[in-house]
Amino acid sequence: MQLADILQQSAVKVLGGCTSKKRLFHDLGALAEQSYRMTSADVIEALVEREGLGPTGVGHGIALPHARLADADQVRGIFLRLEKPLNFDSVDRQPVDLVFALIAPEEAGVEHLRALALVSRTMRNPDICAKLRANSDPATLYTILTETEATQAA
């Protein structure tokens, strides 16, 4: 599995005015609907429900919200770079500016975990995060995410 398998370029965005986790989940839901034809309200509800189990802010300014959804046809990714970091109740109490959300089918056990591990490995790379933070063009962000992986595999 590669990031290009789960992330479409249309699901990468830079947000300027996100002021709360709730607003962020609404933006993620809207992008999931636009890019993957998922129902926005269902995505929001699933993300909020999962976040209720424990925050998905993993530290170093990164959040990996994820949820399972009945109408998901496969594991799908959404990447947001926030221009203004947002309080996300992260483990290190630092605000978040890089968000990589995953939405998986309800029955996608191993596939969901593999995707989460892939995203986690990618987002733990400080060089990739520095490049993501230094760019504001969604197409460039998509390229950074998907080409870095291809280069590492070669």
Side-chain angles (χ1 to χ4, degrees), residues 1-15 18-126 128-129 131-133 138 141-146 148-149 152-153:
M1 177 184 294
Q2 296 184 355
L3 285 181
D5 297 332
I6 60 173
L7 180 67
Q8 290 183 4
Q9 188 168 343
S10 64
V12 175
K13 190 172 180 182
V14 175
L15 290 182
C18 192
T19 56
S20 70
K21 194 186 287 192
K22 182 178 181 181
R23 177 73 245 163
L24 176 69
F25 288 159
H26 279 269
D27 290 330
L28 289 168
L31 207 49
E33 186 166 52
Q34 171 192 332
S35 297
Y36 303 118
R37 297 187 178 152
M38 296 178 185
T39 305
S40 179
D42 292 344
V43 171
I44 296 164
E45 181 182 343
L47 289 170
V48 168
E49 184 178 313
R50 166 56 191 88
E51 198 70 17
L53 299 175
T56 55
V58 297
H60 306 286
I62 300 164
L64 305 177
H66 55 280
R68 295 177 191 260
L69 195 62
D71 68 347
D73 59 347
Q74 69 182 68
V75 177
R76 299 292 191 175
I78 304 161
F79 179 80
L80 298 176
R81 186 175 79 67
L82 308 180
E83 289 182 348
K84 181 181 176 200
L86 174 69
N87 179 17
F88 208 84
D89 302 318
S90 296
V91 295
D92 63 358
R93 299 180 186 206
Q94 297 300 309
V96 163
D97 64 341
L98 300 176
V99 179
F100 201 124
L102 287 174
I103 307 297
E106 286 180 340
E107 69 282 352
V110 172
E111 187 181 8
H112 182 194
L113 294 176
R114 286 161 102 193
L116 194 54
L118 171 64
V119 170
S120 179
R121 268 193 318 274
T122 303
M123 299 306 294
R124 275 196 317 255
N125 183 323
I128 293 174
C129 290
K131 289 176 186 176
L132 292 170
R133 289 182 170 115
L141 297 173
Y142 177 80
T143 300
I144 291 165
L145 288 165
T146 56
T148 300
E149 172 181 59
Q152 290 174 345

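Just so we're clear, the structure is a prediction, and the values are computed from it rather than from any experiment.
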Quick check: do Ser120 and Val58 have side-chain heavy atoms less than 4.5 Å from each other?
no
Under the side chain to side chain donor-acceptor pair (under 3.5 Å) rule, collect the residues that match up with Asp97, sequence neighbours excluded.
Arg133
Grab the two heavy atoms, one from Thr39 and one from Glu33, that are nearest each other, plus how far apart they are.
CA-OE2, 4.1 Å
Note: Gly77 and Tyr36 closest approach over all heavy atoms is O-OH, 2.6 Å
Report yes if the side chains of Leu145 and Met123 come closer than 4.5 Å at any heavy-atom pair, otherwise no.
yes
Mind checking the CD1-CG spacing from Ile44 to Leu28? Nearest 0.5 Å is all I need.
8.5 Å
What's the shortest heavy-atom distance between Ser90 and Gln94, and which atoms?
OG-O, 3.4 Å
Please report, to 0.1 Å, the donor-acceptor pairs under 3.5 Å made by any side chain of residues 98-116, with sequence neighbours excluded.
from: His112; atom 1: ND1; to: Arg68; atom 2: NH2; distance (Å): 3.4

Could you grab the distance from atom SG of Cys18 to atom NE2 of His26, nearest 0.5 Å is fine?
10.5 Å
Please report the C-alpha distance between Val96 and Lys21 in whole Å, then the side-chain angles of each, then the deciding distance to 0.1 Å, and finally whether the side chain to side chain contact (heavy atoms under 4.5 Å, CB included) criterion is met.
CA-CA 10 Å; Val96 163; Lys21 194 186 287 192; over 6 Å; no
Between Asp89 and Val91 (side chain of the first, backbone of the second, donor and acceptor by atom type, cut-off under 3.5 Å), is there such a pair?
no
What heavy-atom pair brings Asp27 and Leu15 nearest, and what distance separates the two atoms?
OD2-CD1, 3.3 Å
Work out which heavy atom in Leu3 is nearest to a heavy atom in Leu118; give both atom names and the distance.
N-CD2, 3.6 Å
Hey, could you give me the CD1/CG distance between Ile144 and Asn125, rounded to the nearest 0.5 Å?
11.5 Å
Supply the atom-to-atom distance Phe88 CZ to Leu64 CG, rounded to the nearest 0.5 angstrom.
9.0 Å
Could you pull out every donor-acceptor pair under 3.5 Å between side chains of residues 4-13 and any protein atom, sequence neighbours left out?
from: Asp5; atom 1: OD2; to: Gln2; atom 2: N; distance (Å): 2.9
from: Gln8; atom 1: OE1; to: Ser10; atom 2: OG; distance (Å): 3.4
from: Ser10; atom 1: OG; to: Ser35; atom 2: OG; distance (Å): 3.0

Any donor and acceptor pair, going by atom type alone, linking the side chain of Arg76 with main-chain N or O of Ala32 inside 3.5 Å?
no
How far does CD1 of Ile78 sit from CE of Met38, to the nearest 0.5 angstrom?
6.5 Å
Please name the pair of heavy atoms, one in Leu80 and one in Leu24, separated by the smallest distance, quoted to 0.1 Å.
CD1-CD1, 3.5 Å
Which distance, rounded to the nearest 0.5 Å, do you find between the CZ of Arg50 and the CG of Leu47?
10.0 Å
N/O donor-acceptor pair under 3.5 Å between Glu83 side chain and Val14 backbone:
no
